[in-house]
Amino acid sequence: MTLHRSLVFFFLFLSCFALSSWALPLCSDSRAPSEVNSTLSFCPYKGKTCCNTMEDSNLMKQFQAMNISDKGCSSVVKSILCAKCDPFSSDLFRDNSDQQSVPILCNSTSSANSTKDFCSETWETCQNVSISGSLFAASLQGRAGAPANNNASKLADLWQSKTDFCSAFGGASSTETVCFSGEPVAFNDNDTTPDKPPSGLCLEKIGNGSYLNMVPHPDGSNRAFFSTQPGIVFLAGIPDQDSGGVLDVDPSSPFVDLTDEIHFDTEFGMMGMAFHPKFAQNGRFFASFNCDKSKWPGCTGRCSCNSDVNCDPSKLTPDSGSQPCQFQTVIAEYTANGTSSDPSKAKNAKPTEVRRIFTMGLPFTSHHAGQILFGPDGYLYFMMGDGGGGADPYNFSQNKKSLLGKIMRLDVDNIPSASEISKMGLWGNYSIPKDNPFREDKELEPEIWAIGLRNPWRCSFDSSRPSYFMCADVGQDTYEEVDLITKGGNYGWRVYEGPDLFQPESSPGGNTSIKSLNPIFPVMGYNHSEVDSSGKSASITGGYFYRSETDPCIAGMYVYADLYGNGVWAGIETPANSGNFVTNRTTFSCAGDSPMKCSDSPGTSGLSLGYVFSFGEDNNKDIYLLTSNGVYRVVRPSRCNLTCSKENSTAARRKPGPSSSPSSSSSSCYKHINGFPGSLVVLFVSLSLILLGLLI
């Protein structure tokens, strides 16, 4: 991702994701709207809303205290007050959500696209009406205009003119913004019918290696980093679409080898990697992995089973012959500086830690998750499973003092001193973003962004809509789910498994009351019985919203899969901007002109993916499936004789990025692949069974 694009995404995030054509129901505090059974008593909202009954009551009291005698003005002010309850209030209060008391009022002078000049209507209706404790007494931070008299109660006394008033409070409604017209936000989507399900996915095989992670090079080039579970990271050149090329990767020359620090076993290894948004300038990158404290002195984190979470490690049953918290989860920082004067040109890095970001002991030997990624806000998101043990027996996922079963959000750019870290009780070298949800929920540990996850396996931000943060969460017995993650959201585990109540067999750590929860249910998912008649072999692998131009018939759909290669799904949001999805299981096949031979399913002529460990996305937004049988890329439907009326049949639309691939010639790619060392081939084949226990 280029620095320019990163800054664009960062601006969008700080603007509360104000994109009306991509708007997501989201409250002004970045939380998801909640469902109410009936219309609120004061504000005219029902269904999904950003106010509960108490907040609705407080707004009514605030309104009554204003003592507005004029009926017309009274109605206008009430609608403005109640905009806080609108399910799209994050867009309406986008300028300064924490302090802003007035939504952006639709103003026809700002844009010809405004449907109603509500700002002028507000001025003309209320300019000479007394309003005690007026909402309009203070100007919005950073907006034009200033009140003439902060102590006055009439708009005409507060503001010199309608022009000044609407300069401060007015705004446009367009394809990029939402404004308040005096009524609940509604989008004029003429076509609410979802696109047709795709006729299938056409794939080409471009690599033999088995990888858990793929991260596009932050410089925007046609290169990407691929990492294996044992802890080896490769920098590969990606061939253009329709070029007939394959991944240009040299297995004998990795970007970095971290295997000395990493404990690699069926349940353990390198689970994630992330490159700083400014990697091209600062060379910073991060790895998430597991270590064994009995074998490595650097494995020294606190145990996640401790008195703070009402857990005694001495009472935990040893798991698979290991002691509680013998194995730990780590985030470590490394640098590409020193190997090249320009980090973006570095072909390798030293395996020496620059800084330990996070270390925590694990109670059991499964459900570690471990993915890390930088959000569009520049913070590092860390996905953590419930710690295993069979149905989260200690209820860590719902324990707000535990970091297990959570998504964390960390600031790795502002590192406190050692004394501050100790005083705050942090787990490493990071600081806490000021707007993390602990500010509103004092019971939460400050690192936490969302709770109630079982084992989040692959999350992603939509590159076109940064507010859409999707996480697949592996189920227990019956259901695999995809969640739309929002600030402070509770995704239900282990009170719920997907949409259904869950009853654990053992609860030494206690249970959470159903009445105490306000769970956010999955937006997509599937039952185990859909992919396995026994109902046992199912484990979800999260993917991406498809944003490439290569296959226009899946454009905008969320693509995800089952670990066992039993199914691939495409989720279609319908109606638009609703957060509601319709999913369709889709077929997949191999292009007849695939540059590498695809693996066939035994006894059939169909494509066998093996295990779908993960998905990847490159800088051109093409999507990849990282499988036990190799690396596959989504290509034009016509290459598999699939029908797509939207397809532009012209060849190769993608343009090469600014940097060339790491090897000196295209022929070296074939040499490297065909000459793969036998030991690595065996290692990669062994990964076919790596995640069987990890994700179930």
### Message
Run Y211 and S614 through side chain to side chain contact (heavy atoms under 4.5 Å, CB included) and show every step you take.
### Response
CA-CA 8 Å; Y211 307 101; S614 190; over 6 Å; no

### Task
Before giving the answer on ring-ring contact (aromatic ring centres under 6.0 Å, His included), spell out for Y334 and F255 the whole-Å C-alpha distance, their side-chain angles and the decisive distance to 0.1 Å.
CA-CA 12 Å; Y334 302 87; F255 179 75; over 10 Å; no

### Message
Determine whether I262 and M270 satisfy the following criterion, side chain to side chain contact (heavy atoms under 4.5 Å, CB included), listing intermediate values before the conclusion.
### Response
CA-CA 7 Å; I262 293 172; M270 182 171 169; 3.7 Å; yes

#### Entry: From CA spacing to verdict: side-chain hydrogen bond (donor to acceptor under 3.5 Å, both in side chains), D257, T259
CA-CA 6 Å; D257 185 339; T259 54; 2.6 Å; yes

### Query
Does the pair M214 and I238 meet the rule for a side chain to side chain contact (heavy atoms under 4.5 Å, CB included), with working shown?
CA-CA 12 Å; M214 172 185 174; I238 298 175; 3.9 Å; yes

### Task
Under the side chain to side chain contact (heavy atoms under 4.5 Å, CB included) rule, what do F613 and L563 come out as? Steps first, then yes or no, please.
CA-CA 6 Å; F613 294 140; L563 166 70; 3.9 Å; yes

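Side chain of N222 to backbone of D240: no donor-acceptor contact under 3.5 angstrom is found. Remark: side-chain polar atoms of E573 are paired, donor with acceptor, to backbone N or O of G579 under 3.5 angstrom. Panel note: side chain E647, backbone S638; a donor-acceptor pair is recorded below 3.5 Å. No side-chain donor-acceptor contact under 3.5 Å links D386 to the backbone of L453. Of the possible polar contacts, one joining the S210 side chain to the S628 backbone as a donor-acceptor pair under 3.5 Å is found. With hydrogens and angles disregarded, no donor-acceptor distance shorter than 3.5 Å links the side chain of K205 to the backbone of S599. At distances below 3.5 Å, at least one donor-acceptor pair connects side-chain atoms of D562 with backbone N or O atoms of S539. When atom types are taken as modelled, the side chain of T627 and the backbone of L609 share a donor-acceptor pair closer than 3.5 angstrom. Side-chain atoms of R454 come within 3.5 Å of backbone N or O of V474 as a donor-acceptor pair. The backbone N or O of L212 lies less than 3.5 Å from no partner atom in the side chain of Q229, so there is not a single donor-acceptor pair.
Of the inter-residue distances, the one linking C291 atom SG with L362 atom CG reads 8.5 Å to the nearest 0.5 angstrom. For the atom pair CG (N290) and CZ (F264), the distance works out to 11.5 Å, reported to the nearest 0.5 Å. Between K345 atom NZ and K347 atom NZ the span is 10.5 Å, to the nearest 0.5 Å. Note: K196 NZ to S645 OG = 7.5 Å, rounded to the nearest 0.5 Å. Between the CG atom of D265 and the CG atom of D292 there is a distance of 9.5 Å, given to the nearest 0.5 Å. The NZ atom of K278 lies 15.5 Å from the OG atom of S344; values are rounded to the nearest 0.5 Å.
At a cut-off of 3.5 Å, with distance as the only test, no side-chain donor of E481 or Y491 sits close to an acceptor on the other residue. Counting only N and O atoms by type, the side chains of D462 and S464 include no donor and acceptor under 3.5 Å apart. Side-chain atoms of N584 and T586 include no donor-acceptor pair closer than 3.5 Å. No side-chain donor from either of E267 and T365 sits under 3.5 Å from a side-chain acceptor of the other. No hydrogens or angles considered: nothing links the side chains of S529 and N527 as a donor-acceptor pair under 3.5 Å. Remark: the Q241 side chain and the R636 side chain contain no N/O donor-acceptor pair separated by less than 3.5 Å. Side-chain atoms of D219 and S221 form a donor-acceptor pair, as typed in the model, at a separation below 3.5 Å. No donor-acceptor contact under 3.5 angstrom links the side chains of D532 and Y564, judged on distance only. There is no side-chain donor-acceptor pair under 3.5 Å between D473 and W493.
Within the 4.5 Å cutoff, side-chain heavy atoms of D483 are placed close to those of P522. Side-chain contact between M383 and I407 is present, with at least one heavy-atom pair separated by less than 4.5 Å. In this structure, R409 and D377 have side chains that are in contact, with non-hydrogen atoms separated by less than 4.5 Å. For the pair V559/W569, no side-chain contact is recorded, criterion being any heavy-atom separation below 4.5 Å from C-beta on. Side-chain contact between F226 and L247 is present, with at least one heavy-atom pair separated by less than 4.5 Å. Between P351 and L258 the shortest side-chain heavy-atom distance falls below 4.5 Å. Using a 4.5 Å heavy-atom threshold, the side chains of V634 and L203 count as touching. Between M470 and V523 the shortest side-chain heavy-atom distance falls below 4.5 Å.
Taking both residues in full, the closest heavy atoms of F588 and G565 are given as CZ-O, 3.8 Å, listed atom of the first, atom of the second, then distance. For the pair P637 and C644, the tightest heavy-atom approach, listed with the atom from each and the gap, is CG-CB, 3.8 Å. Between F545 and E617 the shortest heavy-atom distance is O-OE2, 4.0 Å. What you find for Y560 and G525 is that their closest heavy atoms are OH-N, 3.6 Å. Across G272 and N213, no two heavy atoms sit closer than the pair CA-OD1, 3.5 Å. Nearest approach of Y526 to A561, heavy atoms of both residues: OH-O, 3.9 Å.
For R585 and E530, the salt-bridge test fails: no basic side-chain N is under 4.0 Å from an acidic carboxylate O.
Remark: aromatic rings of Y558 and F581 are distant, center separation not under 6.0 Å. Two rings, from F469 and Y381, have their centers less than 6.0 Å apart.
Exactly one residue among F268, W296, F289, F364 makes a ring-ring contact (aromatic ring centres under 6.0 Å, His included) with F327. That residue is F268. F286 pairs in a ring-ring contact (aromatic ring centres under 6.0 Å, His included) with only one of the listed residues (F358, F225, F374, F279), which is F374. Put simply, the residue from R355, R356, K350 that forms a salt bridge (charged side-chain N to carboxylate O under 4.0 Å, His left out) with E353 is R356.
Taken together, C590 and C202 fail the criterion of an SG-SG distance shorter than 2.5 Å.
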